[in-house]
Amino acid sequence: MDALRTYLKWILALQSLMLISCVEEFEPQNISFEDLLVVEATLTDEFKRHEVRLSRTFQFGDNPEAGIERGAQVTIVDDIQNSYVFREDGPGVYVSVNEFSAEQDRVYTLRVTTQNNKTYNSAAVKTPEHTAQVTGVSFKHSVNGGREGIDILVDSFDPMGNSRYYRYEFEETQRIVAPYWGSREIVVISDVPPFQVDIIPRTEERRTCYKTSTSDSDIVQTETNGLSEDRVTKFPVKFIHKRDSVIRDRYSILVKQHVQTLEAYTYYQTLNDFSSSESVFSENQPGFINGNIVSESNPDEKVLGFFEVNSVSSGRLFINYREAFPGEDQLPYFSPCSTSKPLLIDPENLSISPLIEQVKNGEVAYLQVNEDFFGNPVENPPYEVVTRACGDCTVFGTNVRPDFWTD
């Protein structure tokens, strides 16, 4: 989770601030630096390939590549000796070889062996009872810090009262419609003299695209202790400013509710408190945040991170911009749109074709035939084009419509 990385960045930033705020010269090498393993691991009862991220702390100013933990062996083992192996799928990102899910009444342990043969084990963690369900996701108009927008709200209920501690993540998908999309495109026939291009029907969807992003940077939590029911009512998980382009056209959010243990809830709450600027510069610093992962050979070695096992419930909401903000004009497109008429042949240098160079560089999209005042096609420049971002939605997203999408 990015909140853990934010915590590390604050540590480095605070060290840097100490350097530049000293009146007397300060030798950077005198700063105490600890090379620590960082573990980000959440196992859920979702049937999927799960992910574990491994990194290391690195000194301020170092290449971030130094913070990637490569070549490790990662497994999760349950209490009846089922073993789930993870393979490195990207720098420091380990993905389970097979799909699986955390099962009720099972206890899981994370085991990591680094490239230098140091082994780390998590505490044994039991899957929380899966009795809490998201019952609705909605929105309401609100003002946050003087900014007008909408709050995304979640409702949840556990009739058995087993859950109590919740953490929320969300996945946002926006629809992107290119304002200058056309059904035809320019293709280069010859990029050497004599230059030649042609206009053909598009073979691929480029008008409507979709872009999905996940909430990695924020920790959003709530708890229901002290309430008569284990019920979450209209809890705000995200604020969207009315000028945020994510909601320019049609928008969808999938809210995932993680039922946490008290230990996990407390860990993430502490991490969230420390990651805020107010906490970093306050007099009371929490210092090192203890997780539930330890070194097998040296129990006193500090390890950053927490292995969490959660049960998950989710709900999805779709919103159109004018539904959220009636009477408001649609927001500007994601990129400024401008048209031009590039020359097919540069009269000052007959070996150069400005139009073909722009097409090959992916800078423009076809708009229409260039015509004179009387409606006759112009030979040079032959076409009017538009900046590619405004005629080709794949600049911003994918043209593959998500399975869950509804219009």
Side-chain angles (χ1 to χ4, degrees), residues 1 3 42 44-46 128-175 212-262 264-266 268-273 275-276 278 308 310-328 404-406:
M1 175 174 288
T42 299
T44 73
D45 59 1
E46 301 166 285
E129 292 188 48
H130 192 183
T131 51
Q133 294 290 323
V134 171
T135 57
V137 181
S138 59
F139 74 91
K140 72 171 183 178
H141 291 90
S142 66
V143 177
N144 187 317
R147 302 184 307 157
E148 183 182 350
I150 58 173
D151 277 327
I152 304 298
L153 310 171
V154 63
D155 292 279
S156 172
F157 181 51
D158 181 355
M160 304 301 294
N162 292 325
S163 303
R164 298 295 177 184
Y165 301 100
Y166 302 96
R167 178 168 65 84
Y168 294 93
E169 295 178 331
F170 48 87
E171 181 180 280
E172 301 174 278
T173 302
Q174 61 186 118
R175 184 173 65 189
T212 297
S213 58
T214 56
S215 61
D216 288 329
S217 59
D218 298 325
I219 298 176
V220 182
Q221 293 178 290
T222 192
E223 49 92 10
T224 58
N225 276 322
L227 301 181
S228 59
E229 291 184 306
D230 191 356
R231 185 185 295 274
V232 176
T233 304
K234 304 300 180 189
F235 178 69
V237 296
K238 180 176 176 60
F239 173 78
I240 304 176
H241 185 249
K242 74 174 185 178
R243 307 304 295 175
D244 189 334
S245 62
V246 73
I247 200 172
R248 176 182 185 271
D249 184 68
R250 183 164 173 80
Y251 165 87
S252 178
I253 183 168
L254 176 69
V255 178
K256 287 188 174 184
Q257 174 180 268
H258 294 254
V259 175
Q260 296 187 287
T261 63
L262 173 59
Y265 180 87
T266 302
Y268 279 97
Q269 185 180 50
T270 304
L271 183 63
N272 194 38
D273 289 342
S275 298
S276 69
E278 292 82 2
E308 183 178 19
N310 293 336
S311 59
V312 175
S313 175
S314 63
R316 182 177 291 280
L317 174 69
F318 286 90
I319 310 173
N320 290 327
Y321 182 78
R322 287 191 170 87
E323 177 187 6
F325 305 105
E328 295 280 349
F404 61 80
W405 192 265
T406 60

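Worth saying up front: this structure is predicted, and the values here are computed from it rather than measured.
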**Asked** Of the non-hydrogen atoms in Tyr321 and Arg243, which two are nearest, and what is the gap between them?
**Response** OH-NH1, 4.1 Å
**Complete:** Only one of His258, Arg164, Glu308, Glu223 passes side chain to side chain contact (heavy atoms under 4.5 Å, CB included) with Tyr265, and that residue is Glu223
**Message:** For Val312, is there any backbone N or O sitting under 3.5 Å from a side-chain donor or acceptor partner on Asp45?
**Reply:** yes
**Prompt:** To the nearest 0.5 Å, what is the distance between OG (Ser252) and CZ (Arg175)?
**Reply:** 11.0 Å
**Item:** Short N-O contact, Asp155 and Lys234, less than 4.0 angstrom
**Value:** yes
**Prompt:** Hey, what do you get for OG (Ser313) to CD (Gln257), rounding to the nearest 0.5 Å?
**Reply:** 6.0 Å
**Message:** I want to check something: taking the side chain as every heavy atom from C-beta on, are Ile150 and Ile319 in contact at a cut-off of under 4.5 Å?
**Reply:** yes
**Request:** Hey, can you tell me if Phe404 and Phe318 have their rings parallel, tilted or perpendicular (30° and 60° cut-offs)?
**Result:** tilted
**Request:** Keeping the roles fixed (side chain from Ser245, backbone from Arg248), state whether a donor-acceptor pair exists under 3.5 Å.
**Result:** no
**Request:** Determine whether Asp230 and Tyr166 make a side-chain contact, defined as any pair of heavy atoms from C-beta on separated by less than 4.5 Å.
**Result:** yes
**Message:** Treating Ser314 as the side-chain partner and Val255 as the backbone partner, does any N or O pair qualify as donor plus acceptor under 3.5 Å?
**Reply:** no
**Asked** Do side-chain atoms of Asn320 reach the backbone of Arg322 as a donor and acceptor pair under 3.5 angstrom?
**Response** no
**Glu169 side chain near Thr214 side chain, heavy-atom distance below 4.5 Å** = no
**Request:** With the side chain counted from C-beta on, respond yes when Tyr165 and Gln221 share a heavy-atom pair under 4.5 Å apart, and no when they do not.
**Result:** no
**Asked** How far does CD1 of Ile219 sit from CG of Leu271, to the nearest 0.5 angstrom?
**Response** 4.0 Å
**Asked** Are Phe235 and Tyr168 near enough that their ring centres are under 6.0 Å apart?
**Response** yes
**Spacing of Phe139 atom CZ and Ile240 atom CD1 [to the nearest 0.5 Å]** = 9.5 Å
**Rounded distance [0.5 Å steps], CD in Gln260 versus CZ in Arg167** = 5.0 Å
**Request:** Answer yes or no: is there a donor N or O on one side and an acceptor on the other, between the side chain of Asp158 and the main chain of Ser163, under 3.5 Å?
**Result:** yes
**Message:** What's the separation between atom NZ in Lys242 and atom NE2 in His141, rounded to the nearest 0.5 Å?
**Reply:** 9.0 Å
**Item:** Over all atoms of both residues, closest heavy-atom pair of Val259 and Ala132
**Value:** CG2-CB, 4.0 Å
**Asked** Would you say the side-chain atoms of Arg250 pair up with the backbone N or O of Thr406, donor to acceptor, closer than 3.5 Å?
**Response** yes
**Minimum-distance pair of heavy atoms, taken over all atoms of Phe239 and Arg147** = CZ-O, 3.3 Å
**Request:** Please confirm whether the backbone N or O of Gln133 pairs with a side-chain atom of Ser156, one donor and one acceptor, at under 3.5 Å?
**Result:** yes
**Prompt:** Hey, are the side chains of Thr44 and Lys256 touching, using non-hydrogen atoms and a 4.5 Å cut-off?
**Reply:** no
